[in-house]
Number of protein chains: 2
Amino acid sequence: MATIKDVAKQAGVSVATVSRVLNNNGYVHENTRKLVIEAIGQLSYKPNEVARSLFKKKSRLIGLLLPDIRNPFFPELARGIEDEIQEQGYQLIIGNIDEKYPKEIDYIQTFKQNNVTGIITATNLTGRSHYDNLSSPVVFLDRTFNDHPSVFADGIEGGRIAASELVKRGSKRITILKGPAQLQTAQDRFNGAIAELRAENVDFSVIETSSFSFSDAEMWAKELFGKYPDTDGILASNDVVAAAVMHEALRLGKAIPEDLQLIGFDDIPLSRLLFPPLSTIRQPAYDMGKEAAKLLIRLINKETHFEKNIQMPVMFIERQTTRKVEKNG
Amino acid sequence: MATIKDVAKQAGVSVATVSRVLNNNGYVHENTRKLVIEAIGQLSYKPNEVARSLFKKKSRLIGLLLPDIRNPFFPELARGIEDEIQEQGYQLIIGNIDEKYPKEIDYIQTFKQNNVTGIITATNLTGRSHYDNLSSPVVFLDRTFNDHPSVFADGIEGGRIAASELVKRGSKRITILKGPAQLQTAQDRFNGAIAELRAENVDFSVIETSSFSFSDAEMWAKELFGKYPDTDGILASNDVVAAAVMHEALRLGKAIPEDLQLIGFDDIPLSRLLFPPLSTIRQPAYDMGKEAAKLLIRLINKETHFEKNIQMPVMFIERQTTRKVEKNG
DNA sequence: ATTAAATGTGTAATCGGTTACATATGAGGT
DNA sequence: ACCTCATATGTAACCGATTACACATTTAAT
């Protein structure tokens, strides 16, 4: 790999001049600039980002922390972030936390040690946090944290809408799958839903779950139908869990949506491919990622006067695990 | 952030000694070592990885290139890699190529510029490649490339098995969804399948597809049933596409597996949650990731005498989109 | 014509580590 | 007592960039 010295020699100038051309600052004579650019081309020189980063204490890397890369919701967030930051010449480092707090600490440390320019975190273990005395800006995605910059969807409203749609469509004995206690987003959905059900005076039961994973989801589904075999409306904690519930319901021979209505949460790509296609509360994951990236870049550029807490809309996506509501209902 | 100089001052020694303690090399008196370790603790000093990397021309970062982070197969690979390399103190940078060649070039460049210690690539655009004159070792995952180190599953055998299982279970008019032409893995599956079908003298049709994405999968499914409405056995190019096909088949009122059998490819976590659960050819994604990581670490450590091309077994996972085979068949 | 400001370029310090080399001391061998 | 070698530690060069500062040359202004 050619270095800046090689380029300087080739162009017959000093390294300072090459650097000036590279960074487009300071004075450089037009002829000299051409010389340098030509030398760069001939040697196909690319600056060493590590050396740059050492001096500047800033890299072109942005760190992203995800709770679980296997949950399709998160790759979708990542895609949004990626598309946005690459336009600005940044690169993404993804750290997968696997819902484990020590991994989160490790990754934050790694990000620091590698001079990342900014961090976006979608992890959400309640309680302790290690984001306080970082030199690089942090955006909280799919969560909030004190009054730090954040992009999130309204989980409470989402839970409320889901419950309301289920009731509106005639479910009487509703079961809520309550997501992991340590995840704030899950609690929000749950709280929104029960608030609505209480207001509507509708009977409901709760199944507590402790993860969102594919492998465990089947377990909650079996538990649900074991305890509440005659439930006629289910609010799942997310779409993955909803898929498992639907699977179990169909296995038990229940008719969906006639005997049993089901609403998921997230609207992951797979949801429309289930059969019947899953009605769900959509979180605009890709756009949430984009917004978080935009917000982070504003913070990096030290811009001012912009909204630091962005709430994204959730919406009910009506597919076929819910019945049609009567027009005059 | 404390630097090595601060530690040296605090411990009353030179930076060289601190560095020796840090790296566990050279001679350090036991008492001195304790002094240094204490100073490190007091200042909660963490070495700057960027400075390290600049001198050593090696970082603790390993680069991973994925074709499409939204396809659940790839996060699974990533998880396997992650678990393995983190034990060795490395960190993962994931680059998502989005099936676009220029992005691949960009990421390789970024990896180089950031001194990654090794690269694992699961991209698979046929033809040109830019992996030739890299200083860091490269492992090809879910693909091969000349005789470079690689970890892959036997796509041809997978295609063969899938076809064989379908025939064995009585499908007569088989349709194959042929995956994207530019992906070697897809071609292998296809070739394996048609070889088997020809050998068995079974009639088949082909639908050509040009992506594995959720959004396009529905399109291929509709095209399939439009052109070949009486097909009674489908080999899907992967599980995502299989999900879409199943969705469409059920929508059309076909009975699975009685009227129509279906076999996917990959065995992504969602496959067992479909209803009926999807029969598929399993690739051991997590383990493939682990193996690739092990292989890479061996290359990094310049070990010798180990297998450089690792073929992983594929196997038929019998679920409920295929009929039971008669015991005396 | 004189001087201040703008332009153009190079030298060297710096970022935070690692390590080659120099130097010093003590132990063991003859 | 003398030499060798292992042990212990410090000084300074180095990795590849950026930039403060110095210096030289134009250009513009009075």
Per atom distances to the B/T3 side chain, the nearest of C/dG16, D/dT18, C/dT7 is C/dG16
Can you figure out which of D/dT18, D/dG10, D/dC15 approaches the side chain of B/L54 most closely?
-> D/dC15
Can you find a donor-acceptor pair, distance only, under 3.5 Å between A/R33 side chain and C/dG8 base?
-> no
Interatomic distance where CD1 belongs to A/I4 and P belongs to C/dG10 [whole Å] | 12 Å
Does a side chain donor of either A/Y90 or A/T117 reach within less than 3.5 Å of an acceptor in the other side chain?
-> no
Between B/R20 and A/K46, name the one whose nearest nucleotide on DNA chain D is closer to the 5' end.
-> B/R20
Using heavy atoms to find the nearest nucleotide of DNA chain C for B/A51 and B/A16 separately, return the residue whose nucleotide is more 5′.
-> B/A51
Inspect the contact between A/E49 and A/R52 and indicate whether a charged nitrogen and a carboxylate oxygen are less than 4.0 angstrom apart.
-> yes
When the ring centroid of B/F140 is compared with that of B/Y131, is the distance short of 6.0 Å?
-> yes
Earlier contact from the 5' end, DNA chain D, for A/V15 and B/F55 | B/F55
In whole angstrom, give the distance that lies between atom CD of A/E49 and atom C1' of C/dC15.
-> 15 Å
For B/T32, report the nucleic acid contact type (base, sugar-phosphate, nothing); a contact means any heavy atom under 4.0 Å.
-> sugar-phosphate
Can you check the A/N25 CG to D/dA20 C1' distance for me, whole Å?
-> 12 Å
If we ignore angles and hydrogens, is there a donor and acceptor under 3.5 Å between the side chains of A/N23 and A/S19?
-> yes
Does a nitrogen or oxygen in the side chain of B/R52 sit under 4.0 Å from OP1 or OP2 of C/dG16?
-> no
For A/L22 and D/dT19, what is the distance between atoms CG and C1' respectively, to the nearest whole Å?
-> 14 Å
Whole Å only: how far is the NZ atom of B/K5 from the C1' atom of D/dA12?
-> 12 Å
Interatomic spacing from NZ in A/K308 to CD1 in A/I310 - rounded to 0.5 Å = 10.5 Å
Nearest whole angstrom, please: distance from the C1' of C/dC15 to the CG of B/D6.
-> 13 Å
To the side chain of A/N23, which of C/dT11, D/dT18, D/dG10 is closest?
-> D/dT18
Answer yes or no: does a side-chain N or O of B/T17 lie under 4.0 Å from OP1 or OP2 of D/dG10?
-> yes
Measure from OH on A/Y27 to C1' on C/dA6 and round the result to the nearest Å.
-> 5 Å
With nearest nucleotides of DNA chain C determined for A/V13 and A/K57 from heavy-atom distances, which residue corresponds to the more 5′ nucleotide?
-> A/V13
Nearest whole angstrom, please: distance from the P of D/dG10 to the NZ of B/K9.
-> 14 Å
Out of C/dA6, C/dT18, D/dT18, minimum distance to the side chain of B/S19 belongs to C/dT18
